[in-house]
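Just so it is clear: chains get the letters A, B, ... in the order the sequence lines come, proteins before strands, and each one is counted from 1.
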Protein chains: 2
Amino acid sequence: MIEADEAIRLGLLSQAIGYQLRRAQLAVFEDFARRFAALDLSPAQFSALVAIRENPARRQSEIAAALGVQGPNFVALMDGLERRGLAERLRSGADRRANALQLTPAGATLLKRAEATQATQEAAIRDLIGETEHRRLVETLERLSQL
Amino acid sequence: MIEADEAIRLGLLSQAIGYQLRRAQLAVFEDFARRFAALDLSPAQFSALVAIRENPARRQSEIAAALGVQGPNFVALMDGLERRGLAERLRSGADRRANALQLTPAGATLLKRAEATQATQEAAIRDLIGETEHRRLVETLERLSQL
DNA sequence: TATTGTTATACTCTATAACTATA
DNA sequence: TATAGTTATAGAGTATAACAATA
């Protein structure tokens, strides 16, 4: 079979935000995985490290909710970060049911490297779509999240 | 505890395309699920129905690849559509290993209803971000998929 | 030999119910 | 009685290896 196959047509899918959003997110996450392979960090772990550093001593449930992660799933995520010595749970003094989260020095160091890696992805995206469109895209995606 | 808690800060995540893309995709897919609950169609099933109708008698593997679905996973998807009588696999005459996919009349009818539902989501998105930005967003997401 | 579709399987993500320890 | 975190578990979604039928 040496037929030159015609391209598959996607019809209205090509104009559908939901479909294009899924494809783009897949591509960006695959690119993320390639760049973060050496650091061995998933997107969820990276975002958790950032949120913990930006919000020192806040309750675990608050961080999880802000990231859109269910409580029980965030427990497993924190277990992994703690096992690797990147973050820790301190029993809160004010409310002894609660965990106050913080980065370890090792976690803070790794996060700095991770942010440098993330910046290279952001730069690659800026190269692809342009500075202006990058800013506009962030704004538009934030508004879409309110749907 | 009646303290007015400060908002969690996301730091650089708020400007990160990968993060915002994930949050937006989640929101749009949840909205999709609400709208499509009555039709009992997942985004993957909807996109498969569209692709099958737009590309009659094409091989299963071509459709799957175009949608970014692995072969074995598309088998399960087609099993579901076939069990519900929405699409069928015909053994291809030219190559008897291959399946030529097509919608059943019931599948074509359901797809029309599904497209009307999808159009309401697209309209809701246009209301949220505007007509111009909608067009621009589709273009930008397509380019991001090439990353 | 190579390819199409399939089976079996495993791994990740995500979601929910029920438990514990504190409040 | 209610809340924070946890455990156990189940369901999607996605990935790979190996196989049967056909080329």
(Q) Can you identify which nucleotide, out of D/dG5, D/dT16, C/dC13, has its nearest atom closest to the B/Pro72 side chain? (A)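 Nearest nucleotide to the side chain: D/dT16.
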Q.
Checking contacts here: which listed nucleotide (D/dA23, C/dG5, D/dA4) is nearest the side-chain heavy atoms of B/Ser61?
A.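 Given the options D/dA23, C/dG5, D/dA4, the side chain of B/Ser61 is closest to C/dG5.
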Should [X] be listed as having a side-chain N or O under 4.0 Å from OP1 or OP2 of [N]?
X: B/Arg96; N: D/dA23; result: yes
X: A/Arg59; N: D/dT3; result: no
X: B/Gln70; N: D/dG13; result: no
X: A/Asn99; N: D/dT6; result: yes

Atom-to-atom span, [atom1] of [X] to [atom2] of [N] - whole angstrom:
X: A/Phe74; N: D/dT7; atom1: CZ; atom2: P; value: 15 Å
X: A/Gln25; N: C/dT12; atom1: CD; atom2: C1'; value: 14 Å
X: B/Glu30; N: C/dT14; atom1: CD; atom2: C1'; value: 11 Å
X: B/Arg22; N: C/dT12; atom1: CZ; atom2: C1'; value: 13 Å
X: B/Arg58; N: C/dT4; atom1: CZ; atom2: C1'; value: 15 Å

Q | B/Arg34 atom CZ: more than 12 heavy-atom contacts under 6.0 Å | A |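 Enclosed: over 12 neighbouring heavy atoms sit under 6.0 Å from CZ of B/Arg34.
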**Q.** CZ (A/Arg91) with more than 12 external heavy atoms under 6.0 Å
**A.**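 Count over threshold, so yes.
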Q | 5′-ward residue of the pair A/Val75/B/Gly68 relative to DNA chain D | A |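 Residue closer to the 5' terminus by nearest nucleotide: A/Val75.
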Q) Can you find a donor-acceptor N/O pair under 3.5 angstrom joining the side chain of B/Arg97 to the base of C/dT3? A) yes
Q. Could a donor-acceptor pair under 3.5 angstrom be found where the side chain of B/Asn73 meets the base of D/dA15?
A.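 Result: at least one qualifying N/O pair found.
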**Q.** Minimum side-chain heavy-atom gap A/Met78-A/Ile52 below 4.5 Å
**A.** yes
Q: Could you tell me whether the side chain of A/Arg59 reaches within less than 4.5 Å of the side chain of A/Asn99, counting heavy atoms only?
A: no
Q: Could you say whether A/Val69 or A/Arg91 is positioned toward the 5' end of DNA chain C, judged by the nucleotide with the nearest heavy atom to each?
A: A/Val69
(Q) Both B/Ala100 and A/Ala44 contact DNA chain C. Which one's nearest nucleotide lies toward the 5' end? (A) B/Ala100
Q: Start with the C-alpha distance between A/Val50 and A/Gln118, add both sets of side-chain angles, then the distance that settles side-chain contact (heavy atoms from CB on, under 4.5 Å), and finish with yes or no.
A: CA-CA 12 Å; A/Val50 172; A/Gln118 199 271 334; over 6 Å; no
